[in-house]
Amino acid sequence: MRAIQAMRAGGPEVLEVADVPEAPPGPGTVLVAVAAAGVNFIDTYRRSGTYPMPYPHVVGSEGAGTVVAVGAGVEGFAVGDRVAWVDGTAGSYAEQVELAARHAVPVPHGVTLQQAAAVMLQGLTAHYLVDSTFPVTAGQRVLVHAGAGGVGLLLTQLAVARGAVVVSTVSTEEKAALSRGAGATHVIRYDQLADLAEELPALVREHVGGVETVFDGVGAATFDASLASLVPRGGLALFGGASGQVDPVDPQRLARAGSVFLTRPTLAHHVATRAELLHRTAAVFDAMLRGSLEVRVGATFPLAEAAEAHRLLEGRGSTGKILLLP
């Protein structure tokens with residue numbers, strides 16, 4: 001079968017199409033024909049060597065497809081079932097994936113496989129952030145960076161559904177329109193600011209008087225502005241580093257910012273048990289089926305063009321989700 005391998009640590013050019021052996025599923029696994037694979041920043045971190053990985057390796061941690069074979073000892077799945085997953089060991093940029101059954105979740109009728117592939121990592125991330133990391137409540141003021149990105153659009157919708165007032169940041173007018181469409185009350189064009197660390201917090205305070213919570217997946221470029229936008233005892237969830245990783249932080253900065261809270265959560269710790277994985281996916285799928293959560297697929301690429309998909313993502317030129325279609 002065809003798969004996309006990162007041959008060594010480096011830029012998108014290290015991604016190559018390879019023929020890898022097909023094999024029957026082992027004990028406790030299911031073999032899935034991949035309908036769509038999600039493209040995520042964590043894939044770029046593993047490709048580049050920011051997160052150490054063995055090379056070569058098949059890239060990709062998220063996708064959806066149809067079960068074509070079931071390994072020994074697997075219960076609850078049968079050939080023909082539609083499943084989705086987010087699993088760092090899956091190697092989802094491929095025509096087929098051997099997937100640990102404990103990581104596979106059923107895709108309900110009414111949700112397409114492309115939608116399911118698009119929502120697993122970003123949707124579950126958005127859910128744990130608003131539900132567990134800093135639970136969002138009615139009237140709360142929230143700042144969402146990269147408000148037109150895949151996570152940003154989902155975060156905004158989930159926060160607004162809970163009654164929050166959302167301020168978002170974006171880089172173009174097209175993205176501003178998308179963010180407003182997701183429910184953001186105030187949208188700030190950070191590309192128009194000469195000094196982000198000074199001007200962004202001032203605009204946030206002008207609009208809403210500061211925020212109780214910041215959800216920041218951008219990282220180095222926005223971190224200082226995020227801290228400065230918080231009201232005393234507010235919380236900053238730094239859940240990604242699209243612009244680069246944040247330098248080490250002196251804890252005294254948190255005191256000077258107003259006894260604020262800083263956390264660096266990851267999805268793995270919020271779907272650590274199958275019960276929690278199923279709970280979060282059910283909540284996300286239910287919101288999609290009710291129409292309160294729209295999943296935007298911004299771009300699709302053939303599997304062989306995975307490098308172009310990475311360039312688009314890292315160039316911050318995408319809105320919504322990027323998918324690879326085998």
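- Side chains of L267 and Y128 form a contact here, defined as non-hydrogen atoms less than 4.5 Å apart.
- Contact annotation: the side chain of L121 never approaches that of L124 to less than 4.5 Å [non-hydrogen atoms, C-beta and beyond].
- No side-chain donor-acceptor contact under 3.5 Å links S61 and W85.
- Among pairs with a residue in residues 191-206, those fulfilling side-chain hydrogen bond (donor to acceptor under 3.5 Å, both in side chains) read R189-D191, at least two apart in sequence or across chains.
- No donor-acceptor pair under 3.5 Å is formed between the side chain of D286 and the backbone N or O of A283.
- Screening I322, T319, L323 for a side-chain contact (heavy atoms from CB on, under 4.5 Å) with V297, the sole residue that qualifies is L323.
- The backbone N or O of V30 lies less than 3.5 Å from no partner atom in the side chain of E98, so there is not a single donor-acceptor pair.
- Judged by distance alone, with hydrogens and angles left aside, the side-chain atoms of T66 form no donor-acceptor pair with the main-chain N or O of R82 at under 3.5 Å.
- Across all their heavy atoms, Y93 and H310 have their closest contact at OH-NE2, 3.0 Å.
- A pairwise comparison of heavy atoms in P25 and V70 identifies CG-C, 3.8 Å as the closest pair.
- Looking at heavy atoms from C-beta onward, I188 lies in side-chain contact with V167 at the 4.5 angstrom threshold.
- Sorted by first and then second residue, the salt bridge (Lys or Arg N to Asp or Glu O under 4.0 Å) pairs involving residues 231-258 (not counting sequence neighbours) are D224-R253.
- R280 meets the salt bridge (Lys or Arg N to Asp or Glu O under 4.0 Å) test with D131, E276; sequence neighbours excluded.
- Smallest separation of non-hydrogen atoms from A101 and R274: O-NH1, 3.6 Å.
- V83 has its side chain within reach of F77: a pair of non-hydrogen atoms, C-beta onward, lies under 4.5 Å apart.
- Both L254 and F223 are part of a single hydrophobic cluster, where members link through side-chain heavy atoms under 4.5 Å apart.
- For the residue pair T213/Q140, the side-chain donor-acceptor check at 3.5 Å is satisfied.
- Pairs engaging residues 8-27 under the side-chain hydrogen bond (donor to acceptor under 3.5 Å, both in side chains) rule: none recorded [sequence neighbours left out].
- Here the side chain of R264 pairs a donor or acceptor atom with the backbone of L238 at under 3.5 angstrom.
- Residues Y51 and V59 share a hydrophobic cluster, clusters being chains of Ile/Leu/Val/Met/Phe/Trp/Tyr side chains in contact below 4.5 Å.
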Side-chain donor-acceptor pairs of residues 31-39 under 3.5 Å, sequence neighbours excluded:
none

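- Judged purely by atom type and a 3.5 angstrom limit, H103 has no side-chain atom pairing as donor or acceptor with the backbone of A100.
- Among all heavy-atom pairs drawn from A116 and V111, the shortest one is N-CG1, 4.0 Å.
- A distance-only check finds a donor-acceptor pair linking the side chain of H270 to the backbone of T266 [under 3.5 Å].
- For the pair L193 and L200, the minimum side-chain heavy-atom distance is below 4.5 Å.
- R141 contributes no side-chain N or O that, together with a main-chain N or O of V165, makes up a donor-acceptor pair within less than 3.5 Å.
- Aromatic ring centroids of H127 and H279 lie under 6.0 Å apart.
- A donor-acceptor pair shorter than 3.5 Å can be found between the side chains of D216 and T222.
- Ring geometry for F134 against F215 counts as tilted: the plane angle lies between 30° and 60°, on a 0 to 90° scale.
- A salt bridge between E62 and K321 is present, with a side-chain N of the basic residue lying under 4.0 Å from a carboxylate O of the acidic one.
- Closest approach of A90 and V97 over heavy atoms only: O-CG1, 3.8 Å.
- Annotation: the span from R290 atom CZ to F285 atom CZ amounts to 13.5 Å, rounded to 0.5 Å.
- In this structure, T156 contributes its side chain and G152 its backbone to a donor-acceptor pair below 3.5 Å.
- Grouped with V14 in a hydrophobic cluster is no other residue, since no side-chain heavy-atom contact under 4.5 Å to another Ile, Leu, Val, Met, Phe, Trp or Tyr is found.
- For the pair E212/V142, no side-chain contact is recorded, criterion being any heavy-atom separation below 4.5 Å from C-beta on.
- The closest side-chain donor-acceptor pair between H145 and S226 falls under 3.5 angstrom.
- S168 places no side-chain N or O within 3.5 Å of a backbone atom of V187 that could act as its donor or acceptor partner.
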